[in-house]
Amino acid sequence: MEKIQHLYLDINGLKLHLAQLGNVEAVPVVFLHGFPEIWYTWRHQMIAVADAGYRAIAPDFRGYGLSQAPPEEEAASWNSLLADLLGILDSLSLSKVYVVGKDWGAFIAYHFALVHPDRTLGVVTLGIPFISQPVPFQLLPAGFYILRWQEPGRAEADFGRFDVRTVVRNIYIMFSGSELPVAKEDQEIMDIVDPSTPLPQWFTEEDLTAYATLYEKSKFTYPLKMPYRTIRSEELNLTNKKVEVPSLLIMGEKDYVRLFPGMDNYIRSGDVKNYVPDLEITFIPEGSHFVHEQFPGQVNELIIKFLKKHT
């Protein structure tokens, strides 16, 4: 970890942070986090791919971690994140990269491959496949966390009852479960987690401190906008829905995402390959939504095998 370098780049009017490790002349692998994550979520993978001879790069998205947030009045947009990623590659003079995305970072990974296939060597996603059409969250109970967090001000008030460390702790515990996070009518999302519930064994108090320290800086304002209040954006409805680059999907068998309407069948039936023809799919039996942190050895092996196959 101490060998990881930290850079700040001026991209699209914002100062964006990224972590990197490995030979700067090596084939680059860009890691894109989800929520409530930051660059740190990729610590295990960065070390592994760098040791395997690649250059690991993990940015904090705008408004996350150590990256500057746009003005509060500015609307969050998926296209701005695509532009940020392109700006990072241009700033580092990277002509082509592998892109690895987790959770909603997978949306950016696949959409970058669609819009910039000439800059994309391959795509790896964890927990989220290529989404060909909006997930019908309206079919889920009203207390489902995404539906609650889409309500302006509701999550802010919920989170505001606790310190940042407790909020991150609760989300990690909640998202590590195998059931959909759904609050009762008289509950808020933070109330789902019993305060006595321990952290997952693979997530230490030191890890929690790393997250909480950075969320003390960035807060949750932009992360609630992106992705939760932009998830229905028309920007995600691209005309071209055929991903032509080699791709790998890693799913935990106990990831709650599999319970999204139609999701499990979409993956297991192979329908996803109608949109991503050159796709390998691997399930990790006990894997949760944070499979890359839970089973880093298995995930690292799968990613490196994929990289070597296509490099």
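Predicted model, so just to flag it, every value in this text is computed and none were measured.
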Is the backbone of Pro129 close enough, under 3.5 Å, to the side chain of Tyr266 for a donor and an acceptor to pair up by distance?
no
Could you grab the distance from atom OG of Ser247 to atom NZ of Lys273, nearest 0.5 Å is fine?
11.0 Å
Worked verdict on Phe260 versus Leu180 for side chain to side chain contact (heavy atoms under 4.5 Å, CB included)
CA-CA 8 Å; Phe260 286 4; Leu180 290 173; 3.8 Å; yes
Taking C-beta and beyond as the side chain, do His310 and Leu121 meet within less than 4.5 Å on heavy atoms?
no
Under a 4.0 Å threshold between the charged nitrogen and the carboxylate oxygen, would Arg229 count as salt-bridged to Glu156?
yes
When you measure from the side chain of Asn265 to the backbone of Gly262, do you find a donor-acceptor pair of N or O atoms at a distance under 3.5 Å?
no
Donor-acceptor contact present, side-chain Asp158 to main-chain Met190, <3.5 Å:
yes
Where do Asn23 and Arg55 come nearest, in terms of heavy atoms and distance?
O-CB, 3.3 Å
Test salt bridge (Lys or Arg N to Asp or Glu O under 4.0 Å) applied to Asp163 - qualifying residues, sequence neighbours left out:
none
Exercise: identify the closest heavy-atom pair between Pro277 and Val243:
CD-O, 3.3 Å
Quick one: does Lys96's side chain get under 4.5 Å of Leu89's, heavy atoms only?
no
Are His289 and Asp103 linked by a side-chain donor-acceptor pair shorter than 3.5 Å?
yes
Side chains of Leu92 and Leu9: closer than 4.5 Å at any heavy-atom pair?
yes
All pairs passing salt bridge (charged side-chain N to carboxylate O under 4.0 Å, His left out) where residues 295-311 contributes a residue, at least two apart:
Glu280-Lys309
Distance-only criterion, 3.5 Å: show the donor-acceptor pairs between side-chain atoms of residues 134-154 and protein atoms not counting sequence neighbours.
unit_1 : atom_1 : unit_2 : atom_2 : d
Tyr145 : OH     : Tyr256 : OH     : 2.8
Arg148 : NH1    : Gln187 : O      : 2.8
Arg148 : NH2    : Lys184 : O      : 3.1
Arg148 : NH2    : Gln187 : O      : 3.4
Gln150 : OE1    : Arg232 : NH2    : 3.3
Gln150 : NE2    : Tyr228 : O      : 3.4
Glu151 : OE1    : Arg154 : NH1    : 3.3
Glu151 : OE2    : Arg154 : NH1    : 3.4
Arg154 : NE     : Glu188 : OE1    : 2.9
Arg154 : NE     : Glu188 : OE2    : 3.4
Arg154 : NH2    : Glu188 : OE2    : 3.1

Can you tell me how far CE of Met251 sits from OG of Ser288, rounded to the nearest 0.5 angstrom?
10.5 Å
I would like to know whether Ile281 and Val272 meet side chain to side chain contact (heavy atoms under 4.5 Å, CB included); could you show each step before the answer?
CA-CA 10 Å; Ile281 303 173; Val272 63; 4.0 Å; yes
In terms of side-chain geometry, is the basic nitrogen of Glu72 or Lys225 positioned less than 4.0 Å from the acidic oxygen of its partner?
no
Between Ala212 and Val164, what is the shortest heavy-atom contact and its length?
O-CG1, 3.7 Å
Test side chain to side chain contact (heavy atoms under 4.5 Å, CB included) on Leu85 and Val30 and set out the steps.
CA-CA 9 Å; Leu85 178 54; Val30 179; 4.0 Å; yes
Verify, without hydrogens or angle tests, whether Asn240 (side chain) and Lys242 (backbone) share a donor-acceptor contact under 3.5 angstrom.
yes
Could you label the plane-to-plane angle of the Phe203 and Tyr172 rings as parallel, tilted or perpendicular, counting under 30° as parallel and over 60° as perpendicular?
parallel
Tell me if a side-chain donor or acceptor on Thr230 pairs with a main-chain N or O of Pro227 at a distance below 3.5 Å.
yes
What's the spacing between Leu214 CG and Thr209 OG1 if we round to 0.5 Å?
11.0 Å
Least distance between heavy atoms, Pro181 atom then Met174 atom:
CB-CG, 3.6 Å
Are Leu224 and Phe159 packed together at the side-chain level, in the sense that at least one heavy-atom pair is separated by less than 4.5 angstrom?
yes
Report yes or no: does Arg258 contribute a side-chain atom to a donor-acceptor pair with the main-chain N or O of Gly252 at less than 3.5 Å?
no
Taking side chain as C-beta onward, heavy atoms only, is Val100 less than 4.5 Å from Val49?
no
Are Trp42 and His292 close enough that their ring centres sit under 6.0 Å apart?
yes
Can you give each donor-acceptor pair under 3.5 Å made by side-chain atoms of residues 59-68, sequence neighbours left out, with the distance rounded to 0.1 Å?
unit_1 : atom_1 : unit_2 : atom_2 : d
Asp60  : OD1    : Trp39  : N      : 2.8
Asp60  : OD2    : His17  : ND1    : 2.9
Asp60  : OD2    : Leu66  : N      : 2.9
Arg62  : NE     : Asp84  : OD2    : 2.6
Arg62  : NH1    : Glu74  : OE2    : 3.3
Arg62  : NH2    : Asp84  : OD1    : 3.0
Arg62  : NH2    : Asp84  : OD2    : 3.4
Tyr64  : OH     : Met226 : O      : 2.7
Ser67  : OG     : His17  : N      : 2.8
Ser67  : OG     : Asp60  : O      : 2.7
Gln68  : OE1    : Lys15  : N      : 2.9

Would you say that Tyr211 contacts Glu37 through its side chain, given a criterion of any heavy-atom pair below 4.5 Å between the two side chains?
yes
Shared ILVMFWY cluster between Leu18 and Val24, side chains joined below 4.5 angstrom?
no
Hey, does the side chain of Thr120 reach the backbone of His116 with a donor-acceptor pair shorter than 3.5 angstrom?
yes
Do the ring planes of Phe290 and Trp202 sit parallel (below 30°), tilted (30 to 60°) or perpendicular (above 60°)?
tilted
Asp51: what forms a salt bridge (Lys or Arg N to Asp or Glu O under 4.0 Å) with it, not counting sequence neighbours?
none
Salt-bridge test for Glu293 and Arg43: reply yes if a basic N is under 4.0 Å from a carboxylate O, no otherwise.
yes
Among Phe35, Trp78, Tyr110, find the residue that satisfies the ring-ring contact (aromatic ring centres under 6.0 Å, His included) test when tested with Trp104.
Trp78
Could you walk me through whether Phe130 and Val123 satisfy the side chain to side chain contact (heavy atoms under 4.5 Å, CB included) test, starting with their C-alpha distance in whole Å, then the side-chain angles of each, then the deciding distance to 0.1 Å, before giving a yes or no?
CA-CA 10 Å; Phe130 177 80; Val123 173; over 6 Å; no
Heavy atoms only: give me the nearest Ala113-Val245 pair and the separation to one decimal.
CB-CG2, 4.1 Å
When rounded to the nearest 0.5 Å, the distance separating CD of Gln20 from CD1 of Ile57 is 6.0 Å
With the side chain counted from C-beta on, respond yes when Thr282 and Phe306 share a heavy-atom pair under 4.5 Å apart, and no when they do not.
no
Check whether the ring centres of His111 and Phe107 lie less than 6.0 Å apart, and answer yes or no.
no
Do Asp194 and Ser196 get their side chains close enough for a donor-acceptor pair, meaning under 3.5 Å?
yes
Heavy-atom closest pair, residues Ala183 and Ile192
N-CD1, 3.7 Å
Results of ring pair (Phe, Tyr, Trp, His ring centres under 6.0 Å) for Tyr54 - residues two or more places apart only
none
Do Lys254 and Ile284 make a side-chain contact, defined as non-hydrogen atoms from C-beta onward lying under 4.5 Å apart?
no
Gap separating the OG1 atom of Thr125 from the CD1 atom of Ile250, nearest 0.5 angstrom
8.0 Å
